[in-house]
Amino acid sequence: KEKSSGIKILGINCLDDDALFALQELQTSSFKLSDTIAQIKEKYDADIFEFELDSEKGISFYKFKLTTEQGSKRVIVDIKTGNLIPVMSH
């Protein structure tokens, strides 16, 4: 499993190539974070306790961690399409 990481220098985060790519994709997309958060809360009847912008293999997405009555859940959202993709738990 690939994992991107940033470097922190003197309290300033330096972004790796994947993070820069994701930010560029986000800037050119019509993605609306507030609309996506509302959609996730409604669809999963959940509270979002963490989210992060990421990119892997040329696909930029947000990773959301949710708390539901059934427990924790993870969802990723493609920032180009806006598609919600539930992540299977192991």
Side chain to side chain donor-acceptor pair (under 3.5 Å) partners of T67, counting only residues at least two apart: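 For T67 there are no side chain to side chain donor-acceptor pair (under 3.5 Å) partners, ignoring immediate neighbours.
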
How long is the span from the [atom1] atom in [X] to the [atom2] atom in [Y], to the nearest 0.5 Å?
X: K80; Y: E25; atom1: NZ; atom2: CD; value: 4.0 Å
X: I40; Y: L33; atom1: CD1; atom2: CG; value: 8.5 Å
X: L84; Y: Q39; atom1: CG; atom2: CD; value: 4.5 Å
X: K73; Y: T68; atom1: NZ; atom2: OG1; value: 7.0 Å
X: F64; Y: K41; atom1: CZ; atom2: NZ; value: 10.5 Å
X: I85; Y: I76; atom1: CD1; atom2: CD1; value: 4.5 Å

Which residues satisfy the side chain to side chain contact (heavy atoms under 4.5 Å, CB included) test with K32, sequence neighbours excluded?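 With sequence neighbours excluded, K32 shows a side chain to side chain contact (heavy atoms under 4.5 Å, CB included) to D35, given in chain and number order.
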
Using side-chain heavy atoms (C-beta onward) and a distance below 4.5 Å, is F49 in contact with L66?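 Side-chain contact under 4.5 Å: no.
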
L23 side chain near L53 side chain, heavy-atom distance below 4.5 Å: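 In contact.
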
What do the steps show when you test D78 against I59 for side-chain contact (heavy atoms from CB on, under 4.5 Å), and what is the final call? CA-CA 7 Å; D78 184 321; I59 300 170; 4.0 Å; yes

Can you check ring-ring contact (aromatic ring centres under 6.0 Å, His included) on F31 and Y62, steps first, answer last? CA-CA 10 Å; F31 184 84; Y62 270 104; 5.4 Å; yes

If you count every heavy atom of other residues, nucleotides or ligands that lies below 6.0 Å from F51 atom CZ, does the total exceed 12?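 For F51, atom CZ is not crowded (no more than 12 foreign heavy atoms under 6.0 Å).
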
For G58, is there any backbone N or O sitting under 3.5 Å from a side-chain donor or acceptor partner on S55?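 Not a single qualifying donor-acceptor pair exists.
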
Under 3.5 Å, side chain of T28 to main-chain N/O of Q24, donor-acceptor pair present?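 Flag set: sc T28 to bb Q24 pair under 3.5 Å.
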
